[in-house]
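Note that the coordinates shown come from a computational prediction; the quantities given were computed from them, not determined experimentally. Labels below follow one simple rule: chain letters A, B, ... track the order of the sequence lines, proteins then strands, and each chain is numbered from 1.
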Number of protein chains: 2
Amino acid sequence: MDDVFKALADPTRRRILDELAERDSQSLFEICARLTTKHGLGLSRQGVSQHLAVLEAAGLVRTRRQGRYKFHDLDPEPLERILNRWLRPDMPENTQ
Amino acid sequence: MDDVFKALADPTRRRILDELAERDSQSLFEICARLTTKHGLGLSRQGVSQHLAVLEAAGLVRTRRQGRYKFHDLDPEPLERILNRWLRPDMPENTQ
DNA sequence: ACAATAGGCAAGTAATGACTTGCCTATCAA
DNA sequence: TTGATAGGCAAGTCATTACTTGCCTATTGT
């Protein structure tokens, strides 16, 4: 749980989630290109790679290797669990 | 919006939100006491005060002065807007 | 009035995090 | 098999942030 909040704390990572929400299964270079063109973010490939690693560690992004490509997909499941922590106080199993 | 994510990034601040979700209208000293006793967190009064300021700036906590006391209340509204960002992609006004 | 209580302000420190650069590995196409 | 493409690893820098300490203001009880 801690990892999810920390992952969401950075605005660039939130942009990446936006990007993956809009179009699934993008490679690292695709994400790089879109961040610079669509969102005007100019940061190095390695910068984006590190952000993706954080998102993956938090369970917000799932990856699959295919040849020399690595595709990234959004997984919104951890967000739903967050939601239940303070918004649905009636449920018993909020032990995060 | 940015402030909300940054506020949620810190585990101590999340504990404070937990505490306020459990019992509303606590003063700074009450929150300090509960953090140390219930959650085993040992940090200074000023530390807690700064955390509360961050939460208040993010709109997650509302305060009201009453004599020499300042009471704190949880406001979950920003959380709802945050989570709609990736969980409900159908809604048009997700421009956060 | 005075001491105790509740809280605020500001500066300093130590740790965390974002980002870059340089180099290395793996896959594919010619 | 060689060159180009996709990605990974590791160290270094710079900014942010969490936390403390010391001192100051305001309210309350005796």
Side-chain angles (χ1 to χ4, degrees), chain A residues 1-20 23-37 39-73, chain B residues 1-20 23-37 39-73:
Chain A
M1 265 307 103
D2 203 81
D3 296 335
V4 181
F5 288 103
K6 282 193 180 164
L8 292 172
D10 186 86
T12 304
R13 282 195 287 269
R14 296 198 296 271
R15 286 285 156 226
I16 293 176
L17 290 184
D18 287 336
E19 197 47 60
L20 290 177
R23 167 191 275 232
D24 245 359
S25 296
Q26 296 191 58
S27 73
L28 171 60
F29 275 73
E30 284 180 281
I31 297 171
C32 280
R34 294 188 165 237
L35 285 180
T36 51
T37 61
H39 302 283
L41 293 178
L43 79 163
S44 72
R45 172 186 60 88
Q46 195 60 21
V48 179
S49 176
Q50 285 167 353
H51 281 306
L52 285 169
V54 173
L55 290 170
E56 190 176 0
L60 287 162
V61 164
R62 301 225 169 264
T63 63
R64 66 204 139 81
R65 202 72 199 243
Q66 191 171 330
R68 60 175 158 176
Y69 299 100
K70 188 180 182 184
F71 295 112
H72 302 263
D73 296 275
Chain B
M1 267 308 103
D2 203 80
D3 295 336
V4 182
F5 288 104
K6 283 193 179 164
L8 292 172
D10 185 86
T12 303
R13 282 195 285 272
R14 296 198 296 272
R15 285 286 156 225
I16 293 176
L17 291 183
D18 288 335
E19 196 48 58
L20 290 177
R23 168 192 276 231
D24 246 358
S25 296
Q26 297 190 57
S27 73
L28 171 59
F29 274 74
E30 284 180 281
I31 297 170
C32 280
R34 296 189 163 237
L35 285 180
T36 51
T37 61
H39 302 283
L41 293 179
L43 80 162
S44 72
R45 172 186 61 90
Q46 194 60 21
V48 179
S49 176
Q50 285 167 352
H51 281 306
L52 286 169
V54 173
L55 290 170
E56 190 176 0
L60 288 162
V61 164
R62 301 226 169 266
T63 63
R64 67 203 140 83
R65 202 73 198 245
Q66 193 171 329
R68 61 176 156 176
Y69 299 98
K70 188 179 182 184
F71 295 112
H72 303 262
D73 296 274

Would you mind telling me which of [options] lies closest to the side-chain atoms of [X]?
| X | options | result |
| --- | --- | --- |
| A:S27 | D:dG8, D:dG7, C:dG8 | D:dG7 |
| B:L43 | D:dC19, C:dT21, D:dT28 | D:dC19 |
| B:R68 | D:dA11, C:dT5, D:dG7 | C:dT5 |
| B:R13 | D:dA11, D:dA18, D:dA6 | D:dA18 |
| A:D10 | C:dG7, D:dT17, C:dA18 | C:dA18 |
| A:S44 | C:dT21, C:dA6, C:dG8 | C:dT21 |

Tell whether [X] reaches the base of [N] with its side chain through a donor-acceptor pair below 3.5 angstrom.
| X | N | result |
| --- | --- | --- |
| A:Q50 | C:dT20 | yes |
| A:Q66 | C:dT27 | no |
| B:Q46 | D:dC19 | no |
| A:R45 | D:dG8 | yes |

Specify the separation, in whole Å, of atom [atom1] of [X] and atom [atom2] of [N].
| X | N | atom1 | atom2 | result |
| --- | --- | --- | --- | --- |
| B:H51 | D:dA18 | NE2 | P | 6 Å |
| A:R14 | C:dA18 | CZ | C1' | 14 Å |
| A:L35 | C:dA18 | CG | C1' | 14 Å |
| B:H72 | C:dA6 | NE2 | P | 13 Å |
| A:R65 | C:dC28 | CZ | P | 10 Å |
| A:Y69 | C:dT27 | OH | P | 13 Å |

*Can you measure from CG (A:D24) to CZ (A:R62) and round to the nearest 0.5 angstrom?*
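Answer rounded to 0.5 Å: 12.5 Å.
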_Working to the nearest 0.5 angstrom, can you tell me the gap between A:Q50 CD and A:S44 OG?_
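One finds 7.0 Å between CD of A:Q50 and OG of A:S44.
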_Please confirm whether the shortest side-chain N or O distance from A:K70 to OP1 or OP2 of C:dT27 is below 4.0 Å._
no
*asked:* Salt bridge check, A:D18 against A:R15: does any charged N sit closer than 4.0 Å to a carboxylate O?
replied: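 Judged by the 4.0 Å cut-off on N to carboxylate O distance, A:R15 and A:D18 do form a salt bridge.
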_Nearest-nucleotide comparison on DNA chain D, the residue closer to the 5′ end among B:T12 and A:F29_ = A:F29
*Contact check, side chains of A:L17 and A:L8, non-hydrogen atoms, under 4.5 Å*: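 Sidechains of A:L8 and A:L17: in contact.
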*Should A:L60 and A:V54 count as side-chain neighbours, where that means a heavy-atom distance under 4.5 Å?*
no
*Describe the nucleic acid contact of A:G47 in one word from base, sugar-phosphate, nothing, applying a heavy-atom distance below 4.0 Å.*
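Answer is base: heavy atoms of A:G47 come under 4.0 Å of a base.
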